Asks: 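To start, I am sharing the structure in question, which I have written as structure tokens.
Every number for a ligand or one of its atoms is a count from 1 in the order of the listing. These figures come from a predicted structure and were not determined experimentally.
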Amino acid sequence: MKFRRDSFTPAPARRHSLERTPLVTKPDYGIDEPCVIRRLVLVSVALPLLGIALTIAGLVHSHLIMFAMGATSVIVAVGCTATIFLMIKSSRHGKQRVRDTVLNEFQFRGDERVLDVGCGRGLMLLGAAKRLREGTVVGLDTWSQEDQYKNAPENTFANAVAEGVPLDRVRLQNGNMCDMSFIASDSFDVVLSSLTIHNVRTRKARQRAVAEMVRVLKPGGSIALVDCRHVREYAGHLERTGWVTEVRCSPVDWNMFPPIRVVYAKKRDGPLMEEV
Ligand SMILES: C[S@@+](CC[C@H](N)C(=O)[O-])C[C@H]1O[C@@H](n2cnc3c(N)ncnc32)[C@H](O)[C@@H]1O
């Protein structure tokens with residue numbers, strides 16, 4: 001099922017079942033941005049070949065510009081290789097550290113309802129679930145293959161099994177974050193989102209997504225948005241809803257590459273929110 005990323009049309013909300021859950025013993029939260037990594041691999045392989053050819057030709061013909069272009073190609077290829085390494089390291093280790101830092105900011109009672117918007121293979125979702133005794137976690141996603149390697153609800157359930165999270169406390173739902181009209185207002189104690197909102201291309205649509213997250217949050221509930229881009233913009237969107245308080249942005253966190261920031265806020269106590 002495909003959704004246009006910036007679309008406001010109601011996404012067909014569909015619950016996922018456990019039928020095709022593979023059995024794994026170790027959780028695997030996937031490699032983020034596999035398309036970007038694939039492109040970088042191509043460049044890292046092609047550029048050195050071109051660079052070496054140009055450098056040799058430049059040396060043989062004493063052609064300075066050709067030599068400089070060859071050397072530059074090799075330097076760019078080294079930069080791309082380093083970026084690939086940092087991105088994979090970030091997906092494999094760094095984002096787990098960021099998850100723990102973010103979840104440590106919340107004092108979980110143990111009976112909360114938590115929503116992870118763009119849960120992918122369940123990094124935040126299951127991290128939160130492990131801190132609950134009886135609460136439930138809901139993961140909303142479009143399961144885009146562009147944004148995470150082998151992104152599929154079956155793999156999220158498999159990670160839940162590997163993490164020892166009881167499956168009756170995990171719900172997965174297909175849906176577009178820009179329109180969560182299938183979720184009632186004031187439903188969740190905590191709303192989390194990691195590396196997801198930047199995938200929405202326009203500022204207006206990102207504002208809509210943030211407003212939707214605030215709408216479904218219970219009065220007094222907490223929200224944390226992790227991202228590598230636009231985080232200050234999200235802080236502005238949160239404030240513009242007029243429904244949140246204690247908005248604060250974390251410093252840049254280099255545990256991930258690209259580095260991330262987190263914006264935290266709380267929803268004011270009060271009556272049901274008006275349409276933003
Ligand atoms: C880089 S992955 C991050 C996944 C997970 N939060 C994590 O930190 O590992 C981004 C996720 O956002 C999801 N996504 C992208 N656009 C979305 C949209 N409009 N609504 C809901 N999810 C979306 C993708 O399918 C993907 O699972």
Asks: Can you list the atoms of ligand 1 that are under 4.0 Å from a heavy atom of Leu123?
Replies: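 Ligand 1 atoms under the 4.0 Å threshold to Leu123: 8 (O), 9 (O).
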Asks: Does CE belonging to Met69 count more than 12 external heavy atoms closer than 6.0 Å?
Replies: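 Count not over threshold, so no.
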Asks: Less than 6.0 angstrom from the centroid, inside 45 degrees of the normal: does Arg113 satisfy that with respect to the ring of Phe188?
Replies: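 That pair qualifies as a cation-pi contact.
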Asks: Check each atom of ligand 1 against the heavy atoms of Asn176 and keep those under 4.0 Å away; list them by number with element.
Replies: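 Heavy-atom distances to Asn176 below 4.0 Å select 18 (C), 19 (N), 20 (N).
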Asks: Give the atoms of ligand 1, by number and element, whose distance to some non-hydrogen atom of Gly175 is under 4.0 Å.
Replies: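 Checking each atom against Gly175, I get 20 (N), 21 (C).
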Asks: If you measure only the distance, is there a donor-acceptor pair under 3.5 Å linking the side chains of Asn104 and Arg131?
Replies: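 Yes.
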Asks: Does ligand 1 have any atom that is closer than 4.0 Å to a heavy atom of Met124?
Replies: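 Contact check Met124 vs ligand 1: negative.
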Asks: For Asp28, is there an ion pair with Arg92 - N to carboxylate O distance below 4.0 angstrom?
Replies: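 Salt bridge flag = yes for Asp28 with Arg92.
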Asks: Using a plain distance cutoff, I'd like to know if Leu140 has any nitrogen or oxygen under 3.5 Å from a nitrogen or oxygen of ligand 1.
Replies: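 In fact, backbone or side chain, Leu140 has no N or O that close.
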Asks: For atom 9 (O) of ligand 1, which candidate among Met180, Lys95, Glu33 holds the nearest heavy atom?
Replies: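 Answer by nearest heavy atom: Lys95.
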Asks: As a quick check of understanding, evaluate side chain to side chain donor-acceptor pair (under 3.5 Å) for Ser250 and Arg261, giving each step before the final call.
Replies: CA-CA 6 Å; Ser250 73; Arg261 275 180 195 273; 5.8 Å; no
Asks: Enumerate the atoms of ligand 1 whose separation from the nearest heavy atom of Asp32 is less than 4.0 angstrom.
Replies: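 Selected atoms, number and element: 1 (C).
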Asks: Name all residues meeting the salt bridge (Lys or Arg N to Asp or Glu O under 4.0 Å) criterion together with Asp227; count only those two or more places apart in sequence or in a different chain, and write none if there are none.
Replies: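 Applying salt bridge (Lys or Arg N to Asp or Glu O under 4.0 Å) to Asp227 gives none.
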Asks: Measure Ala209 to ligand 1 on non-hydrogen atoms and call it side chain, backbone, both or neither using the 4.0 Å cut-off.
Replies: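 Neither; no heavy atom under 4.0 Å.
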Asks: Would you mind running through ligand 1 and noting each atom that sits below 4.0 Å from a heavy atom of Thr142?
Replies: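 Close to Thr142: 14 (N), 15 (C), 16 (N), 17 (C), 18 (C), 20 (N), 21 (C), 22 (N), 23 (C), 25 (O).
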Asks: Between ligand 1 and Asp116, is the shortest N or O to N or O distance under 3.5 Å?
Replies: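 Checking ligand 1 against Asp116, no N or O pair falls under 3.5 Å apart.
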Asks: Sub-3.5 Å donor-acceptor pair from the side chain of Thr156 to the main-chain atoms of Ala152, do we have one?
Replies: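 Yes, because the side chain of Thr156 sits within donor-acceptor range (under 3.5 Å) of the backbone of Ala152.
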Asks: Using a 4.0 Å cutoff against the non-hydrogen atoms of Asp147, which atoms of ligand 1 qualify?
Replies: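 Answer for ligand 1: 1 (C), 2 (S), 10 (C), 15 (C), 24 (C), 26 (C).
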Asks: Only heavy atoms of Ser144, strictly under 4.0 Å: list the atoms of ligand 1 that pass.
Replies: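 Near Ser144, meaning under 4.0 Å from one of its heavy atoms, ligand 1 has 25 (O).
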Asks: Applying salt bridge (Lys or Arg N to Asp or Glu O under 4.0 Å), name anything that partners Arg38, two or more places apart in sequence or on another chain.
Replies: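 Result, salt bridge (Lys or Arg N to Asp or Glu O under 4.0 Å) vs Arg38: none returned.
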Asks: Measuring from the heavy atoms of Cys119, does anything fall under 4.0 Å of ligand 1?
Replies: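 The answer is yes, since Cys119 has a heavy atom less than 4.0 Å from ligand 1.
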Asks: Is the number of heavy atoms from other residues, nucleotides or ligands within 6.0 Å of CZ (Phe108) greater than 12?
Replies: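 Yes, the 6.0 Å shell around CZ holds more than 12 heavy atoms from other groups.
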Asks: Does any N or O atom in Asp141 lie less than 3.5 angstrom from one in ligand 1, N or O only?
Replies: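 Yes, Asp141 has an N/O under 3.5 Å of an N/O on ligand 1.
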Asks: Answer side chain, backbone, both or neither: which part of Met177 comes under 4.0 Å from ligand 1, heavy atoms only.
Replies: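 Under 4.0 Å from ligand 1, Met177 contributes backbone and side-chain atoms.
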Asks: A quick test of your reading: do over 12 heavy atoms of other residues, nucleotides or ligands sit less than 6.0 Å from OH of Tyr264?
Replies: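 Yes, the 6.0 Å shell around OH holds more than 12 heavy atoms from other groups.
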Asks: Using a strict 4.0 Å cut-off to heavy atoms of Asn151, name the atoms of ligand 1 that fall inside it.
Replies: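 Those atoms are 24 (C), 25 (O), 26 (C), 27 (O).
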